[in-house]
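Chain naming here is simple, since letters A, B, ... match the order of the sequence lines and numbering starts at 1 in each. Fair warning: this is a prediction, and the values are worked out from it, not measured in the lab.
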Amino acid sequence: MAEKSKVAFYWCASCGGCEEAMVDLAEDILQVVEKAEFVLWPVAMDFKREDVENLKDEEILVTFINGAVRTSEQEEMVRLLRKKSKILIAFGACAYTGGVPGLANCYSREEILNFYYKSGDTVFNPEDKKPTPHFIEGNFAFEIPEFYGRVYAVDQVVDVDYYIPGCAPTRKVVKNAIDALFSSQLPQKGSILGASSKSLCNECPLNETKPEKIYVKKFKRVDKTQPEPDKCLLIQGYPCLGPVTRGGCEALCVKANYPCTGCFGPLDDVKDYGAKAVSFLASIIDSNDEKEIEKIIDEGLSNPLAIVYRYSLPKSLIFDTKIKKNGG
Amino acid sequence: MNNNNNKFEPKILGIFCNWCTYLAADLAGVSRMDYPANIRIVRTMCSGRVDPQFIFWGFKNGADGILIGGCHPGDCHYIEGNYKTLRRYLLLKRVLKEIGINEKRLRLEWISASEGEKLQRVVREFTEEIRSLGPITEDRAFKLNLIEHKK
């Protein structure tokens with residue numbers, strides 16, 4: 001058999017769910033291992049940064065990066081892996097559009113550090129210590145990565161070849177994506193691997209119960225009321241983002257009676273997922289009266305940013321800028 | 001940006017519907033009513049065509065304020081396009097506020113084809129309001145994410 005292709009799997013600001021998604025491949029991972037040799041996978045194997053540095057440029061065939069970029073170390077690693085890899089893939093919602101950590105872009109670095117090291121209810125920090133990139137304790141000088149003022153999606157830091165969406169990507173999506181990668185014909189650069197190009201509603205089992213027009217008088221929340229099974233969640237008043245979200249997950253959440261929150265990101269040609277979600281959610285409100293519309297929004301969608309931008313704030317049009325090299 | 005002699009001249013984007021507000025601007029023009037030249041007008045067939053993406057795109061690209069103009073409720077050429085605008089506008093304002101952009105920078109007005117004077121008044125008022133708010137880069141979202149994102 002020919003020499004195995006080198007593969008790296010790295011995590012940045014993420015929860016670890018994407019690593020889990022890789023392990024979830026179960027016996028399918030054997031196919032991957034057959035064709036690939038891992039050169040970096042911090043969560044599962046013991047490789048060091050030096051091991052990557054010692055590789056030749058573009059020696060790694062594919063690097064999967066999950067998680068958003070939030071610290072200087074993550075930025076360095078992403079840049080290093082970009083240099084050493086032929087193909088770099090943003091794996092999962094955080095790497096693709098910023099993900100849940102991206103919601104922190106609404107707060108300044110000082111506010112975040114203050115909350116977690118000072119004012120938070122469960123914080124006990126009498127010496128008022130805060131992480132600083134360089135500090136000296138006794139005879140030792142320490143260096144820790146710098147905490148950036150905002151969160152970046154991976155393609156705001158380096159060039160990304162393909163994206164695998166999902167929080168976390170489902171087993172089927174990962175498998176489709178890997179099959180596409182090891183096939184003889186690579187997809188076009190910048191494409192979304194493994195997922196569908198149609199909206200989630202298209203594959204949703206409740207789609208049959210969806211009427212042509214949807215009107216909602218009152219938005220409901222799943223933590224307050226129980227949705228009826230087997231009936232489109234939108235007509236019941238739950239803000240399900242299926243119509244504006246890329247399909248491919250086989251409506252996992254909807255099957256579990258939970259409205260889609262949009263982790264697969266925007267459909268083709270949509271530049272700003274949240275804006276599209278605003279457009280869609282607002283247009284199904286069943287009222288023409290300003291006061292009544294305001295009431296419906298304020299009661300049912302009291303935290304609209306977290307609903308429409310749950311996974312994509314850093315990639316929203318306003319925030320979508322590339323990282324400035326070597327300090328802002 | 002916009003900083004001649006320390007006097008801030010706001011850039012305002014007007015997105016007007018073809019059947020009412022755009023005609024009002026035409027009327028204001030032929031009637032020689034003057035209004036601030038800060039506004040740059042784009043015509044859409046209906047205010048319902050205004051995708052929230054346009055608004056974000058405008059703010060990102062330097063608009064200090066955005067004025068959407070549509071037909072009065074009940075007068076929409078396409079029957080209910082302006083109601084959709086109203087709903088989107090109300091939700092969008094809340095999202096803008098949370099993102100950290102002063103929601104006063106976005107304004108929706110119903111101006112019919114015969115209301116040249118209203119157009120003049122609204123544009124004047126809005127320009128003054130935006131002038132007092134200052135450049136959009138002063139807003140929290142821009143400071144946090146585009147200016148001071150890395151120290």
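- In the displayed structure, A:F219 atom CZ is contacted under 6.0 Å by more than 12 heavy atoms of other residues, nucleotides or ligands.
- One finds a salt bridge joining B:R94 and A:E294 here, because a Lys/Arg side-chain nitrogen approaches an Asp/Glu carboxylate oxygen to under 4.0 Å.
- By the neighbour-count criterion of 12 heavy atoms within 6.0 Å, atom NZ of A:K295 is sparsely surrounded, having that number or fewer from other residues, nucleotides or ligands.
- No more than 12 heavy atoms of other residues, nucleotides or ligands lie within 6.0 Å of CG in A:D269, so this atom counts as exposed by the packing criterion.
- Put simply, OH on B:Y83 and CG on A:D289 are 9.5 Å apart, with the number rounded to the nearest 0.5 Å.
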Stepwise side-chain contact (heavy atoms from CB on, under 4.5 Å) test for B:W57 and A:I318
CA-CA 7 Å; B:W57 189 251; A:I318 289 184; over 6 Å; no
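- Heavy-atom contacts from other residues, nucleotides or ligands closer than 6.0 Å to NZ of A:K217 number more than 12.
- Among the candidates A:I307, A:L313, A:D320, the residue making the largest number of heavy-atom pairs closer than 4.5 Å to chain B is A:D320.
- Salt bridge present: B:D51 and A:K276 bring a charged side-chain N and a carboxylate O closer than 4.0 Å.
- Counting heavy atoms of neighbouring residues, nucleotides and ligands inside a 6.0 Å radius, atom OH of A:Y116 does not exceed 12 of them.
- Here the straight-line distance linking atom CZ of B:F54 with atom CG of A:D272 works out to 12.0 Å at 0.5 Å rounding.
- A:E290 CD to B:L108 CG: the interatomic distance, rounded to the nearest 0.5 Å, is 8.0 Å.
- Contact annotation for A:F147: neither backbone nor side-chain heavy atoms come within less than 4.5 Å of a heavy atom of chain B.
- Other residues, nucleotides and ligands contribute over 12 non-hydrogen atoms within 6.0 Å of the CD1 atom of A:I112.
- Put simply, CZ on A:F319 and NZ on B:K60 are 10.5 Å apart, with the number rounded to the nearest 0.5 Å.
- More than 12 heavy atoms of other residues, nucleotides or ligands shown are found within 6.0 angstrom of CZ on A:F135.
- A donor-acceptor pair is defined here as one N or O able to donate and one able to accept, closer than 3.5 Å; no such pair exists between the side chain of B:R87 and the backbone of A:L281.
- Neither the backbone nor the side chain of A:V151 comes within less than 4.5 Å of any heavy atom in chain B.
- Contacts between A:S72 and chain B at a heavy-atom distance below 4.5 Å are absent for every atom of the residue.
- Proximity to chain B at a heavy-atom threshold of 4.5 Å picks out A:I297, A:D298, A:L301, A:N303, A:P304, A:L305 from residues 296-305 of chain A, in numerical order.
- When all heavy atoms of A:S279 and B:P52 are compared, the pair lying nearest together is CB-CD, 3.6 Å.
- Atom CG in B:L144 sits 10.0 Å away from atom CZ in A:R150 (nearest 0.5 Å).
- Remark: the backbone N or O of A:K271 is paired with a side-chain donor or acceptor of B:Q53 at under 3.5 angstrom.
- Surrounding NZ of A:K83 are at most 12 heavy atoms belonging to other residues, nucleotides or ligands under 6.0 Å away.
- Using a cut-off of 4.0 Å between Lys/Arg side-chain N and Asp/Glu carboxylate O, A:E111 and B:R140 are scored as salt-bridged.
- Only the side chain of B:I101 comes within contact range of chain A, with at least one heavy atom under 4.5 Å from a heavy atom of that chain.
- Listed for the B:K84 side chain is no donor-acceptor partner under 3.5 Å among the backbone atoms of A:S283.
- Within the model, atoms CG of A:L317 and CD1 of B:I55 stand 11.5 Å from one another, a figure rounded to the nearest 0.5 Å.
- Side-chain atoms of B:R88 never come within 3.5 Å of backbone atoms of A:A282 as a donor-acceptor pair (strictly under, hydrogens ignored).
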